[in-house]
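Notes to accompany the following structure.
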2 protein chains.
Amino acid sequence: MALEHAILVSLLEKPGSGYELARRFDRSIGYFWTATHQQIYRVLKRMENDGWVEARDVPQQGRPDKKEYSVADLGRAALSSWLHDPIEPESVRHDLAVKIRGAAFDDPAALIREVQRHRQAHRDRLSHYLAGEERDFTGPEATAAAAEAPPDAERELQHVVLRGGIAYERMMIDWLDDVLATLARFGPGR
Amino acid sequence: MALEHAILVSLLEKPGSGYELARRFDRSIGYFWTATHQQIYRVLKRMENDGWVEARDVPQQGRPDKKEYSVADLGRAALSSWLHDPIEPESVRHDLAVKIRGAAFDDPAALIREVQRHRQAHRDRLSHYLAGEERDFTGPEATAAAAEAPPDAERELQHVVLRGGIAYERMMIDWLDDVLATLARFGPGR
DNA sequence: GGCGTCATGTAACACGTTACATGATTAG
DNA sequence: CTAATCATGTAACGTGTTACATGACGCC
């Protein structure tokens, strides 16, 4: 399991509350690992019991108080041991691929709109990633700041993961174009 | 949920037993949807109760008898309604991406072997897909057979899904090369 | 007054994974 | 005789999803 580990990585990058983690799982780290706040609170509680993380009460004004979690030594050790443990190259799950094969037994043309919607979602995500890359890694401000600092593993590794997301979205867009062209050849009445 | 629907598609392509389905989920349809036999038997039983599939006892010689399932009208209707229902473009889950970001807080070079293992697994899967494509779609035998038959949606849609798998594996291999180059810059002692 | 955001949680259920269990046949 | 393949299942557990619940603050 890796939700624990994803949380550890996120808290090492920056401590935060369960709520903040939930929001990160809708953004940066959430691009390749999703979790809802219910899951996060449950796991966070377990991790606190196991001594992987430590909570600190942070009173806030104008907002509810929060519990800020940070990684404890045991958590760091758990992450390290997981990193050294080989994992199975995971298999993908594509609902859409099931639908595409299923369309052969229904009306292929009826899927076109659905595929277009997915294509649009991937286009949006790609734009979002590219904007983030520009802002944090390749834009003038980011490169100027980086030029003065020493090589930074955290930053470089975040960037290579983001490049993976970008490559994935580009591949999906191209493939969905291929799917659309194929579906068009099997419209109603053929 | 889509395991039900993946099973329906697979049974429409060809009726079969739970055991046979489990094997298909290790191969063709399993490239984009995985399931173990325990899951399959459980779901198949529910689907039978719901009247989505029908079982027929097939006595065999030299092997245990099997129950051959095929799709009933209710199942076809359920599939059709699912096909017309929009689904959310799913988000990916990449353990490996979590590990790569986590490596910043450990020893980046220690991940190199792991990434190489994953790269090899993707290379193997790519070869496997390409062999299947040659055999079923682009090879001389397959194209000769197809030339005599009318345009076949089932076949074409299976092919476009396979092309998606091929594109995915190629993208992953390229990205993992990028990851390896990045990790190499942060070896121990840097 | 109502809606959105910040903040944390419980409960029930669905789905997925791992381990265990059985038993026949065929190939080495 | 041993291992692999065919064939079907149960039980326990862990993870993920959906619905429900609460309450304060700020903005329109």
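As the structure is a computational prediction, the values presented were derived from the model and not from experiment.
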Separation of atom [atom1] in [X] from atom [atom2] in [N], rounded to whole Å:
X: A:Asp95; N: D:dG16; atom1: CG; atom2: P; result: 16 Å
X: B:Gln39; N: D:dG14; atom1: CD; atom2: P; result: 17 Å
X: B:Asp50; N: C:dA14; atom1: CG; atom2: C1'; result: 14 Å
X: B:Leu44; N: D:dT10; atom1: CG; atom2: C1'; result: 16 Å
X: B:Arg46; N: C:dC13; atom1: CZ; atom2: P; result: 15 Å
X: A:Ile40; N: C:dA7; atom1: CD1; atom2: P; result: 14 Å
X: A:Leu3; N: D:dG14; atom1: CG; atom2: C1'; result: 12 Å

Checklist line | Residue list, salt bridge (charged side-chain N to carboxylate O under 4.0 Å, His left out) with B:Glu13, at least two apart or on another chain | finding: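 B:Glu13 satisfies salt bridge (charged side-chain N to carboxylate O under 4.0 Å, His left out) with A:Arg101 only.
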Margin query: If the condition is ring-ring contact (aromatic ring centres under 6.0 Å, His included), which residues does B:Tyr129 pass it with, not counting sequence neighbours?
Written below: B:Tyr31
Notebook entry, point to check: Is a donor-acceptor pair below 3.5 Å formed from side chain B:Arg93 to base D:dG16, judging by atom type as modelled?
Noted result: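 Answer no: no donor N or O sits under 3.5 Å from an acceptor.
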Notebook entry, point to check: If you measure only the distance, is there a donor-acceptor pair under 3.5 Å linking the side chains of B:His84 and A:Asp106?
Noted result: yes
Note to self: Under a 3.5 Å cutoff, is there a donor and acceptor pairing between the side chains of A:His159 and A:Arg163?
What the structure shows: yes
Checklist line | Heavy-atom neighbours of B:Asp73 CG exceed 12 at 6.0 Å | finding: no
Notebook entry, point to check: Where along nucleotides 1-9 of chain D does protein come under 4.0 Å, by heavy atom, of base (B) or sugar-phosphate alone (S), with - for untouched nucleotides?
Noted result: ----SBBBB
Notebook entry, point to check: Between B:Tyr168 and B:His122, what is the ring plane arrangement, given parallel below 30°, perpendicular above 60°, and tilted in between?
Noted result: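 Perpendicular: the ring planes of B:Tyr168 and B:His122 meet at over 60°.
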